[in-house]
Amino acid sequence: MSRTLVARVSAGGLLLLGCWLAYTQNQGGQPPPLTLNKVKDDLYNIEGDGGNVAVYVTGEGVILVDDKFEQDHENIMAEVKSVTDQPVKYVLSTHHHADHSGGNARFLPTAEIISTANARANIVEHKQSNAPPGVAPARVVFTEECSVFLGGKEARARHYGRGHTNGDAIIYFPALRTIHTGDLMAGTTPLIDYPGGGSVVEWIKTLDAAMKVDFDTVIPGHGPVTNKAGLRAYRNNVEKLRDRAAGLIREGKSQEDVGKVMIAEFGWSPTGLQMQWSLPGMMAELR
Ligand SMILES: [Zn+2]
């Protein structure tokens, strides 16, 4: 592995870790600044702090994908207002983590929030051990697929199976051939949230099913907008990680030894959530 790749992979691990730490670090301070980038036509992406927020503008209102942390609400609204006067009518939620659903409580009085039934249950049951208090669940849920039709446009949320959690939704904008993956693609290395129902084995099948959709542009849960080849490379890396871990487990290696290889070869942070949430569950699943 080249030094550049090692540096990139480590940065990805740190990015993911940093996203979760941002909440605690900013208590009482100013929320970090956000930036809005145009993806295609009437679709924008708000980056910075928490997960990527997709903004789909229609003539009858705005559809968001995810809403970052609660502290980001005013800044998200300022970015939306910079491109449209339309109100936010719907928030399609990719999963229960507070860096994606933390702003739900602020949107619920004026918008409908839609998630998978499992994502809602994970919030209600406080499955994210480090989530701040007050993350509000969606009022409308689905188990397989749910579309919002607004202003002559469609946003389609679908649960393809387990992966990052047991309630991940991928949001598809058919007219723009663009998807928002939630954390089924995030940074450069996967965080498998076993306490939240995640699975490294199912993750690969889930992405294989999603890859069959007709799209060319990908908004990941965290990190820069990419394309279908970028998602395929990410999927292949999840498979490589699974195969490497399974091989080590077959050789009888301990959890500690497998963890060292994940740190060295897949950019896991020695003190990050992957060591807490992914490693023990992965050992059990692949054994
Ligand atoms: Zn997540």
Side-chain angles (χ1 to χ4, degrees), residues 9 11-23 45-54 64-69 72 91-104 115-116 118-120 122-123 127-131 135 138 157-172 179-211 218-226 230-231 233-235 237-239 241-242 266-269 272-278 281-282:
V9 165
L14 286 175
L15 171 77
L16 210 57
L17 177 69
C19 293
W20 262 283
L21 291 181
Y23 170 77
N45 184 36
I46 303 177
E47 298 174 20
D49 202 33
N52 285 328
V53 170
L64 294 188
V65 177
D66 287 350
D67 51 30
K68 297 185 182 284
F69 294 104
D72 299 311
V91 179
L92 297 179
S93 184
T94 62
H95 65 295
H96 69 285
H97 289 153
D99 53 336
H100 298 261
S101 294
N104 284 2
S115 78
T116 64
N118 281 348
R120 183 182 201 281
N122 288 340
I123 290 175
K127 286 288 173 65
Q128 187 188 351
S129 55
N130 65 346
V135 177
R158 187 172 179 89
H159 175 63
Y160 289 94
R162 293 162 63 207
H164 176 61
T165 71
N166 64 359
D168 305 305
I170 288 180
I171 317 303
Y172 180 42
I179 61 170
H180 186 307
T181 62
D183 284 355
L184 285 167
M185 178 177 186
T188 52
T189 187
L191 170 63
I192 314 139
D193 179 2
Y194 282 94
S199 161
V200 72
V201 173
E202 298 301 318
W203 192 317
I204 299 155
K205 297 176 194 168
T206 294
L207 285 183
D208 282 342
M211 293 288 287
V218 178
I219 303 173
H222 300 265
V225 172
T226 182
L231 181 58
Y234 192 89
R235 174 252 178 245
N237 188 53
V238 177
E239 186 177 54
L241 185 154
R242 180 206 60 188
F266 292 93
W268 286 16
S269 162
L273 286 170
Q274 280 145 339
M275 299 305 274
Q276 300 170 43
W277 293 0
S278 308
M282 193 170 74

Sub-3.5 Å donor-acceptor pair from the side chain of Thr116 to the main-chain atoms of Ala119, do we have one? yes

Side chain of Ser115, backbone of Ser93: donor and acceptor closer than 3.5 Å? no

Report yes if the side chains of Pro190 and Tyr234 come closer than 4.5 Å at any heavy-atom pair, otherwise no. yes

Determine whether His180 and Leu92 make a side-chain contact, defined as any pair of heavy atoms from C-beta on separated by less than 4.5 Å. no

Correct closest heavy-atom pair for Met275 and Trp268 would be SD-CE3, 4.0 Å

With side chains defined as the heavy atoms from C-beta onward, is the minimum distance between Asp183 and Asp168 less than 4.5 Å? no

Exam field: side chain Arg120 to backbone Ala138, donor-acceptor pair closer than 3.5 Å: yes

Ignoring hydrogens, what is the shortest heavy-atom contact between Ala209 and Tyr160? Give both atom names and the distance. CB-CD2, 3.8 Å

Measuring from Ile192:CD1 to Ser199:OG, what's the distance to the nearest 0.5 Å? 8.0 Å

Measuring only between side-chain heavy atoms, which start at C-beta, is Lys127 closer than 4.5 Å to His96? yes

Atom CE in Met185, atom CG in Leu207: separation rounded to 0.5 Å? 9.5 Å

Could you tell me whether the side chain of Arg158 reaches within less than 4.5 Å of the side chain of Ile170, counting heavy atoms only? no

For Val135 and Ala98, work out which heavy atoms get closest and say how close. CG2-CB, 4.0 Å

Not counting sequence neighbours, list each pair that qualifies as a salt bridge (Lys or Arg N to Asp or Glu O under 4.0 Å) and has a residue in residues 185-200. none

Can you tell me if Asn166 uses its side chain to pair, donor with acceptor, with the backbone of Arg162 under 3.5 Å? no

For a side-chain contact (heavy atoms from CB on, under 4.5 Å) check, start with the C-alpha distance between Asp208 and Arg235, then their side-chain angles and the critical distance, and finish with the verdict. CA-CA 8 Å; Asp208 282 342; Arg235 174 252 178 245; 2.7 Å; yes

Can you name the residues that form a side chain to side chain donor-acceptor pair (under 3.5 Å) with Glu202, not counting sequence neighbours? Lys205

Shortest non-hydrogen contact from Gly161 toward Thr206: C-OG1, 3.2 Å

Walk me through whether Leu191 and Ser278 qualify under side-chain contact (heavy atoms from CB on, under 4.5 Å). CA-CA 6 Å; Leu191 170 63; Ser278 308; 3.5 Å; yes

Just how far is it from atom NE2 of His100 to atom CG of Asn52, taken to the nearest 0.5 Å? 8.0 Å

Which atoms form the tightest heavy-atom contact between Gly103 and Asp67, and what is the distance? N-OD1, 3.0 Å

Any Leu231 side-chain heavy atom under 4.5 Å of Thr226 side chain: no

Any Ile46 side-chain heavy atom under 4.5 Å of Lys68 side chain: yes

Answer with yes or no whether the side chains of Asn237 and Glu239 bring together a donor and an acceptor at under 3.5 Å. no

All heavy atoms of Ala157 vs all of Ile171, minimum pair found to be CB-CD1, 3.5 Å

Could you tell me whether a side-chain N or O of Trp203 sits under 3.5 Å from a main-chain N or O of His164, the two making a donor and an acceptor? no

Nearest-0.5 Å distance, OG1 of residue Thr188 to CZ of residue Phe266: 11.0 Å

With rounding to the nearest 0.5 Å, note down the distance linking CG in Asp49 to NE2 in His222. 10.0 Å

When rounded to the nearest 0.5 Å, the distance separating NE2 of His97 from CZ of Phe69 is 11.0 Å

